[in-house]
Amino acid sequence: MGAPKAEIIALHPKESGPIPLSQAAILAGVVAGERWAHAALYDQLYPVVTRTLEKILRDSSGDYEDLVQVSFERIVRTLIGERRLTVVNLSAWASSIAAHVALDALRGRARERRLFERGSFGTSAVERVAAPSLERQLEARQQLEWLLHTLATMNADQARTVLLHDVLGHRLSEIASIMGVTAAAAQRRLSRGHQELLRHAARRSLKEGK
Amino acid sequence: MSTDPKVQELLSPLTGATGALPSRRFHVDKDAIVSRMVEVSLTRERRFGARARVGAALALAASLALATWGGAAWWKRGSTIRPGIEVVALRGNVLASPGAKSRGLSLGEPTTLSPEGALETSKNGRARIKAGVGLEVELLENSKISLDQLDAVGVSRMLRLERGSVRCVIEHQPGRTFSVVTRAARVIDVGTTFSVSVDNAESGPRTFVHVEEGEVLVKFAGGESRITAAQSWTSESESSKPAGVAQPQPVSVAPAEPSSSPVPRRDLVKRRPETLEAETKLLRTGLASEQKGDLQGAATAFETLLARYPESQLASDARAALSRVKGRLESSK
């Protein structure tokens, strides 16, 4: 692998002008505990982290800022952890961390039994689901709430794999690398996740007498 | 995306309508998050895995039991320990440099530091430091102190002020002293609340001491002076012999003189006590307002002092403080 190309511009505190920093330099700075490196990492990953959170939670209110912070804390903790990772695609990897954080948030909400009362992925979420009529809007809203609730209650690894693959568009090989499993294991998780989703949907249909 | 159309349909609320995602309506505090990231990266907790944490918790429990048993005996023997100094970043950036590395402190979260290295605040930064019982120091903006001799149980605790200002609230404890040291002076408390500032003026750095309650002893190249409540001391320049020492005066509450009053003479001995009292009161009011964040009020007090007593011994300090306050007012606009 050649030398990493300069990817971002960050202001080093000891210098007067902006200096292009490579991903390798940023990661080395983060491991060394340098503030400028953390700021550069934040700048680089902020768009992907927020977009992932928005896409899964469908909401930018409530505890959203906390989730952004938690995501970055986990990113740093994992980068410098004892099981040091070799990150091939930093953005994809950060996106998976944010997805994990979003999933944890969904689980927390489900545990609080406020899933349907919070309105955090209720009213505001429905605004973003295209629907030509009020009836369709309500239906879309219920569908979104049901999906988020199901993802929050199903097996975490399977839910995360489904989100990474089907919602965020990562390839199985990427997911395998991100989750530290083989491609076959990632495939199995995805398949079981789909089956679990279908099972929940069948149960729901049965309950509603459809 | 899944090839199963049923799964695709189930996931459609999350996979569709991506273009309709909202723009970022929320506010994320980048500085706070970056500070937290730095803190996370510096914490030792990261070195422990999940299993290690369980082990560590058990070890900690055992250590606590031992410490509880052995601590009292050790304390009775008079052994000295070096407990940490609690620092809370109140606003802005607060940087601790225990060694070669610096770390930013999270706002509002108490952080325990060992008594070594330095602590500094940025522009608009502020931190509160507690070192043991009876010692509380507020580090104001653009300030830097050395923590090396701020030993919480030492007999003689000392804080070195490199630049900026500190406000100290000290509970008098017999047999123990606390002092603030600058390049020009050593301010020794005798149980009091006082402020020390180092102003890096063009003519050279100056030290300014103001006592709110109690009494302090200022030792400098030319000697020493006791300063009591509502009195101030200033060095003209730390590179030269300190000049002005406000002598203790009998408290006589008098209304501030109108601007048409005769200008008080520079000689402190011949100065009318009520004039000095009024000057000090104005400076004190200004500093107190500044500390509370009432910058406009602070500016008014300093301007009044300068208008009424242009020859005041405290004029140079009032001018420096006024310039600082105006700078802050400008930056806040």
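To find a chain, count down the sequence lines: A is the first, B the second, and so on, and within it residues start at 1.
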Inspect the contact between B:Arg126 and B:Glu141 and indicate whether a charged nitrogen and a carboxylate oxygen are less than 4.0 angstrom apart. no
Any pair counted as salt bridge (charged side-chain N to carboxylate O under 4.0 Å, His left out), so long as it reaches residues 178-195 of chain A, sequence neighbours left out: A:Asp157-A:Arg189
Less than 4.5 Å to any heavy atom of chain B: does that hold for the side chain of A:Leu198, its backbone, both, or neither? both
A:Leu190 portion near chain B, given a 4.5 angstrom heavy-atom threshold: neither
Report which part of A:Leu151 has an atom under 4.5 Å of a heavy atom belonging to chain B: side chain, backbone, both, or neither. side chain
salt_bridge(B:Lys6, B:Glu9) N-O dist < 4.0 Å: no
Would you mind checking if B:Arg163 and B:Glu120 are paired as a salt bridge, meaning a charged N to carboxylate O distance below 4.0 Å? yes
